[in-house]
Structures are given as C-alpha cells and as structure tokens.
Amino acid sequence: MKTAELINSLDGEGRLLARAAAEAGPEAEVPACPGWRVRDLLRHTGMVHRWATAFVVEGYTTFHPGGGEPDLDGDALVDWFGEGHASLVAALTAAPADLTCWTFVPVPSPLGFWARRQAHETAVHRLDAESARPEREPGTVGPEFAVDGIDELLRMFHTRPKSWVRTNEPKTLRVRATDTGDVWTARLSAEPMRTDRTDIGSADCEVSGSAGLLYATLWNRRPLSAVSVTGDSTLARLWRDNSGITWS
C-alpha cells in the first residue's frame with residue numbers, strides 16, 4: 001500500500017479504536033490480551049503512538065525509549081489517546097518523503113515503515129477494543145489492508161532473530177488469501193523463518209481463508225477455526241503458540 005493510504009488507514013483505525021473503547025468502558029476485559037482491560041489497551045497504544053511520533057518529528061537515528069504510560073482512566077484516558085493518535089497522524093502527514101530516522105528493521109523508507117507499522121498496530125488493537133464490547137463481534141479490515149498486514153507479519157516481524165516460530169526440522173507453511181489470490185510460503189527451521197510471495201512447491205501445512213480473517217487469525221485475534229487448515233496442523237498450532245508480538 002502507498003504511504004498516504006496507510007496514514008489514512010491509521011487515522012480511521014484510531015478513531016474506531018477510541019469509539020469502541022468508550023463503548024466497552026475501561027473495566028472491560030480484552031479477550032485476546034489476557035490480564036488486560038480496556039484502560040490497559042488505551043494506555044499501551046497511546047504510548048506507542050507517542051513513541052513513534054518522536055522518531056518522525058525528532059528524527060532520532062538510534063533507538064529512543066518510550067515515555068511510559070499515564071495514570072489516567074475513563075474519559076480523560078480516551079481523550080489522551082485521541083490526542084496522541086491525532087498527533088501521530090499529523091506528524092506522518094507532514095513528514096518529508098525522504099525522512100531519516102531509526103526503524104527496527106532495514107527499510108528503504110522510514111516514513112513508509114512508521115506509517116505501515118502504526119496503521120497495523122492500531123488496527124489490531126482496534127479489533128481488541130471491539131472484542132471487549134459486550135455482546136458485539138469485532139469488525140474486520142479490508143482485503144488490501146489485510147494483505148499488507150499479513151505481509152508485514154510474515155516477511156518482516158518473523159524474519160527477525162526475536163521470532164520463536166521455529167522448527168527442529170525444515171517445514172513449510174503456506175498462507176493463502178482466497179479472496180485476493182495472495183499467497184505466502186514460509187520456510188521454517190531452527191533459524192528465523194524466510195517467507196516468499198509464491199505458491200511454488202509443496203507445503204507441509206496450508207492456512208487459507210479471506211484476507212480479513214487471515215489477518216485477524218495470524219495476529220491471534222481469531223481462533224484457528226475461523227480459517228481452513230490442511231496438512232500438518234501442528235504447524236498452525238506452532239504459529240498460534242509462538243507468534244505473539246509483545247512490547248519490549
């Protein structure tokens with residue numbers, strides 16, 4: 001996706017997150033984040049937004065720690081979240097295309113990196129906020145945005161040394177979006193996985209479904225039963241058990 005489209009998605013996702021959080025209330029439990037309530041979700045996501053904004057605005061070229069989470073709650077917390085989200089959107093919109101700043105993987109465009117990363121950070125936590133609302137199902141994301149988020153997860157996050165999606169013997173996991181035709185083949189081993197945008201060759205396990213359902217499932221916001229799993233299902237469970245992304 002183009003950077004401008006990702007910034008637009010970030011804008012919309014943050015607004016939806018704030019709305020869902022206000023509807024759920026600060027005490028509501030967040031099913032996909034054990035031990036978290038909505039207030040924890042807002043504090044975390046708002047902190048991450050401010051952390052990302054600092055790189056874009058200040059141009060830090062080395063790692064810079066976040067500013068911590070506030071001791072706010074209720075409407076004041078929702079307002080604080082909204083202010084940080086709006087500041088991030090404004091910073092990305094105003095940033096030059098040749099922005100230079102730190103990113104946690106090598107990329108050709110730091111601006112594109114931060115727009116993408118924060119759009120999906122916010123979308124995943126928007127699903128969390130919506131799942132916390134009583135008796136209401138979380139929404140989904142559009143196919144193009146979902147494909148971009150799956151690609152980020154498979155070809156960026158889990159190619160890093162920090163990933164624990166590994167196998168003792170070489171295995172192949174294929175992911176297929178049935179509505180868009182996009183396919184990824186992840187090669188698993190004792191080393192960080194390597195993923196190509198191809199369906200060439202056989203796979204030990206294939207996970208397939210609409211791009212939106214795959215997005216939510218691979219980010220561990222939907223159960224594996226939401227998609228189709230064929231072949232060696234232990235690889236799908238390996239993903240479920242070891243692919244979580246945490247703040248550190």
Side-chain angles (χ1 to χ4, degrees), residues 1-2 5-6 9 13 31-33 103-108 112-113 116-117 119-128 131 137-246:
M1 292 179 70
K2 295 180 179 179
E5 294 172 326
L6 290 164
S9 294
E13 292 293 339
C33 304
T103 60
F104 55 79
V105 292
V107 291
F113 169 88
R116 183 191 211 192
R117 176 78 295 276
H120 293 297
E121 173 84 11
T122 307
V124 168
H125 287 317
R126 185 263 293 176
L127 296 178
D128 289 335
S131 72
E137 286 289 318
T140 186
V141 299
E144 183 181 11
F145 184 76
V147 166
D148 187 81
I150 295 167
D151 197 74
E152 183 197 42
L153 188 60
L154 295 177
R155 297 209 297 158
M156 188 272 278
F157 267 116
H158 286 289
T159 63
R160 299 185 302 159
K162 293 176 66 173
S163 174
W164 289 105
V165 182
R166 306 187 187 205
T167 54
N168 292 327
E169 301 295 330
K171 298 288 183 179
T172 303
L173 173 66
R174 181 159 290 145
V175 175
R176 186 183 303 274
T178 54
D179 53 341
T180 67
D182 291 276
V183 183
W184 298 261
T185 298
R187 306 192 185 283
L188 310 181
S189 69
E191 300 297 321
M193 70 187 224
R194 294 290 178 264
T195 304
D196 301 314
R197 293 289 293 267
T198 179
D199 62 355
I200 296 174
S202 61
D204 295 294
C205 176
E206 180 166 309
V207 179
S208 61
S210 69
L213 282 178
L214 283 174
Y215 180 92
T217 301
L218 292 173
W219 281 100
N220 294 328
R221 265 58 189 186
R222 290 269 187 170
L224 284 172
S225 59
V227 295
S228 173
V229 178
T230 57
D232 184 359
S233 61
T234 62
L235 292 182
R237 293 196 296 272
L238 172 77
W239 176 273
R240 170 51 51 95
D241 294 341
N242 294 279
S243 66
I245 306 296
T246 59

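In what follows, residues are counted from 1 in the order of the sequence shown.
The distance from the CG atom of L218 to the CZ atom of R240 is 8.5 Å, given to the nearest 0.5 Å. Put simply, OG1 on T140 and CZ on F145 are 10.5 Å apart, with the number rounded to the nearest 0.5 Å. We find the SG-CZ distance between C205 and R174 to be 11.0 Å, quoted to the nearest 0.5 Å. In this structure, SG on C33 lies 4.5 Å from CZ on R221, to the nearest 0.5 angstrom. For the atom pair H125 NE2 and S131 OG, the distance stands at 11.5 Å (nearest 0.5 Å). Going from atom NZ of K171 over to atom OG of S189 covers 12.5 Å, rounded to the nearest 0.5 Å.
Under the 3.5 Å distance criterion, the side-chain polar atoms of D179 are matched with a main-chain donor or acceptor of A211. For the pair T178 (side chain) and G209 (backbone), a donor-acceptor distance under 3.5 Å is present. S9 places a side-chain N or O within 3.5 Å of a backbone atom of E5 that can act as its donor or acceptor partner.
At a threshold of 4.5 Å between non-hydrogen side-chain atoms, the residues F113 and L6 do not count as touching.
Residues forming a side-chain contact (heavy atoms from CB on, under 4.5 Å) with A186 (at least two apart in sequence, or on another chain): L173, L188, M193, T195. Checked against side-chain hydrogen bond (donor to acceptor under 3.5 Å, both in side chains), T217 has no partners two or more places apart in sequence or in another chain.
Across S243 and N220, no two heavy atoms sit closer than the pair OG-ND2, 3.3 Å. Looking at every heavy atom in both residues, P192 comes nearest to R166 through CG-NH2, 3.5 Å.
Counting only residues at least two apart or on different chains, the side-chain hydrogen bond (donor to acceptor under 3.5 Å, both in side chains) pairs with a member in residues 223-233 are D232-T234, S233-R237. Counting only residues at least two apart or on different chains, the ring-ring contact (aromatic ring centres under 6.0 Å, His included) pairs with a member in residues 152-171 are F104-F157, F157-W219, H158-W239. Applying the side-chain hydrogen bond (donor to acceptor under 3.5 Å, both in side chains) rule to pairs touching residues 200-210 yields R176-E206, sequence neighbours excluded. Listed by first then second residue, pairs satisfying salt bridge (charged side-chain N to carboxylate O under 4.0 Å, His left out) with a partner in residues 142-151 read R116-D148, R116-D151, D151-R155, D151-R197, not counting sequence neighbours.
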TODO: Please report the C-alpha distance between R126 and V141 in whole Å, then the side-chain angles of each, then the deciding distance to 0.1 Å, and finally whether the side chain to side chain contact (heavy atoms under 4.5 Å, CB included) criterion is met.
DONE: CA-CA 10 Å; R126 185 263 293 176; V141 299; 3.5 Å; yes
TODO: Apply side chain to side chain contact (heavy atoms under 4.5 Å, CB included) to V124 and Y215, showing your working.
DONE: CA-CA 9 Å; V124 168; Y215 180 92; 3.8 Å; yes
Open item on the list: Go through it in stages, so that I can follow the logic: the residues are L214 and V207, the test is side chain to side chain contact (heavy atoms under 4.5 Å, CB included), and I'd like the CA-CA distance, side-chain angles, deciding distance and then a yes or no.
Closed with: CA-CA 8 Å; L214 283 174; V207 179; 3.8 Å; yes
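In this model, a donor atom of one side chain and an acceptor atom of the other lie less than 3.5 Å apart for D182 and T180.
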